[in-house]
There are 2 protein chains.
Amino acid sequence: MPPNRRRRDRDEKLHEIVAAAADLFTELGFEQSSMTRIARAAGVTPNTIYWYVEDKDALLVAALDHLLADALRQLDQAPEAANLVDQVLWTLGHLQRRSNLIGVVHARSEQAEVVANWHEGFHALMDSFVMEGLARQGVPDRELQARARLTTYAVEGMLAHPTDPATARSVLELVLSPGG
Amino acid sequence: MPPNRRRRDRDEKLHEIVAAAADLFTELGFEQSSMTRIARAAGVTPNTIYWYVEDKDALLVAALDHLLADALRQLDQAPEAANLVDQVLWTLGHLQRRSNLIGVVHARSEQAEVVANWHEGFHALMDSFVMEGLARQGVPDRELQARARLTTYAVEGMLAHPTDPATARSVLELVLSPGG
DNA sequence: ACCTGAACACCGTTCAAGT
DNA sequence: ACCTGAACACCGTTCAAGT
C-alpha cells in the first residue's frame with residue numbers, strides 16, 4: 001500500500017470524525033457531545049479518536065475550522081449581502097443558528113490554549129473584514145479600530161442574548177454608520 | 001431548640017457554603033471547583049451541600065448573588081465614579097478581576113434555567129442603570145435602548161477579550177457620549 | 001500504522017442509614 | 001432536621017494488546 005493511498009484514507013477518516021463532531025457540537029453543545037457519542041456517530045471507538053486528535057479541545061478546534069470554511073463559502077455566494085450592515089447582519093444570522101458554539105468557544109478559551117488561539121485568530125479575521133468595510137464607507141482612520149471592536153462586541157452580545165432583527169439592525173446602524 | 005435558633009444555624013451554614021463556592025468559582029472557575037473541593041473548603045461532605053441547594057447550578061446562582069451584593073456595596077462607596085463613563089469603567093475593572101465568572105454564566109445559561117434567569121435579571125439591572133445615566137446626559141429617548149444594549153455588549157466583549165484601559169475608555173466614550 | 005477492550009481517576013448526584 | 005459513607009452512572013483519557 002503506497003503512502004499516498006494511506007494519506008487519503010487517514011484524511012477521510014479524520015474528516016468523518018471532525019464532521020460528526022461539528023454536527024453534534026452544533027446541535028447538542030460541547031458538553032452534551034461526549035467522546036463516546038461522537039465516536040458512535042463517526043463509527044469508531046472512543047479511544048480511536050485519540051489517534052487522530054490530541055484531545056477534545058483539539059477536536060473542537062478542528063470542528064470550528066470545518067464550520068468556518070463552510071460559512072465563508074456561503075457568505076461568498078449570498079446575494080443579499082450588498083452593504084456592510086447587511087453583510088454583518090447575514091453573519092449574525094448565520095452565527096445565531098449556531099449560538100451554542102459561541103459560548104463554548106469562550107468557555108473553552110479559558111481552559112485550553114488551542115481554543116484560545118483559534119478564538120484570537122477568528123477575531124483578527126472579523127476585525128480586518130469590518131475595518132476594511134468601514135474605511136470604504138469613509139469612516140476616519142482614528143475611529144476604525146474602536147468601531148470594529150464595538151461591532152464584534154455587538155455581534156457577540158446579540159449572539160449571547162436573543163435579539164430580534166429590528167433591534168439588531170438599529171444597533172448595527174448605530175455602530176457602522178459614518179455619522180452614528 | 002426553638003425554630004429561630006435553627007433558622008440562624010441553617011442560614012449561617014448555607015452562608016459558609018455559598019461563600020466558599022464564590023471564592024473557588026472566582027479563583028479556579030466553575031469546572032475546576034468540584035463539589036468535593038467546595039465541600040472541603042466549607043468543612044462539610046460533598047453530599048451535605050445537596051441538603052442546602054438543589055444542584056451545582058443553584059449553588060452558582062447563590063454565589064453570584066453573594067458577589068453582586070458585595071460589588072454594589074463597593075460601587076456605592078467608590079469616590080472616583082463621578083460620571084457615567086467612569087462608573088461603567090469602574091464596573092468593568094471590577095468584573096475584569098472576575099472574568100472567569102462571565103464565561104461561566106454564559107456557558108451555564110445554555111444548560112441550566114436557574115442561571116439563565118439570573119443572567120436575564122442581571123442584564124435588566126445593568127440596562128436600567130445605563131439608560132438612566134444616558135437620559136441624564138441628554139441622549140434622546142429613541143436612542144436610549146440601543147445605546148444601553150451596546151454598552152452592555154461592549155462591557156461583555158471587553159471582559160471576554162483583554163482590553164487595555166485606554167482602548168476601553170475610547171470604546172465607552174464612543175457609545176456613551178451624546179454626540180458619539 | 002491503526003484500532004480496540006479494559007481500566008483509571010474523576011465528576012455530579014442519590015440514597016439508605018445514622019443522629 | 002441534618003449529615004454521612006457508600007454507591008451509581010457517567011466523563012475524558014490512557015495503555016497494553018491485537019492486527
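In the text below, chain A, chain B and the rest are named by the order of the sequence lines, each starting its count at 1. Any value given below was found using the heavy atoms of this structure, including those in side chains, with hydrogens, waters and symmetry copies removed. Since the structure is predicted, the reported quantities are computational estimates derived from the model, not experimental observations.
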Which dot-bracket string fits DNA chain D when only Watson-Crick or G-U wobble pairs with both atom distances under 3.5 Å count, crossing pairs get [ ], and | stands for a partner on a different strand? ||.|||||...|||||.||

When you check the phosphate oxygens OP1 and OP2 of C:dC3, does a side-chain N or O of A:Y52 lie under 4.0 Å from one of them? yes

Please report, rounded to the nearest Å, how far the P atom of C:dC10 is from the CD atom of B:E31. 16 Å

Check this one for me: any side-chain N or O of B:W51 less than 4.0 Å away from OP1 or OP2 of D:dC3? no

Indicate the ring-plane relationship of B:H119 and B:H106, choosing parallel, tilted or perpendicular according to the 30° and 60° boundaries. tilted

May I ask you to test the A:L92-A:Q96 pair for a side-chain heavy-atom distance under 4.5 Å? yes

Could you tell me whether B:E120 atom CD has more than 12 heavy atoms of other residues or ligands within 6.0 Å of it? no

If you compare every side-chain N and O of A:T48 against the phosphate oxygens of C:dC3 (OP1, OP2), does one of them come in below 4.0 Å? no

Is the shortest heavy-atom distance from the side chain of A:T26 to the side chain of A:N100 under 4.5 Å? no

Do A:R10 and A:W51 have side-chain heavy atoms sitting under 4.5 Å apart? yes

So, taking the atom named CZ in A:R108 and the one named CD in B:E31, what distance separates them when rounded to the nearest 0.5 Å? 5.0 Å

For a 4.5 angstrom cut-off between non-hydrogen side-chain atoms, does A:V44 reach A:K13? yes

Are any non-hydrogen side-chain atoms of B:F30 and B:L60 less than 4.5 angstrom apart? yes

Examine C:dC3: is either OP1 or OP2 under 4.0 Å from a nitrogen or oxygen in the side chain of A:T45? Give yes or no. no

Taking only side-chain N and O atoms of A:R10, does any of them lie within less than 4.0 angstrom of OP1 or OP2 on C:dC2? yes

Under 4.0 Å from any atom of DNA chain D, heavy atoms only: list the residues of residues 54-66 of chain B that qualify, in numerical order. none

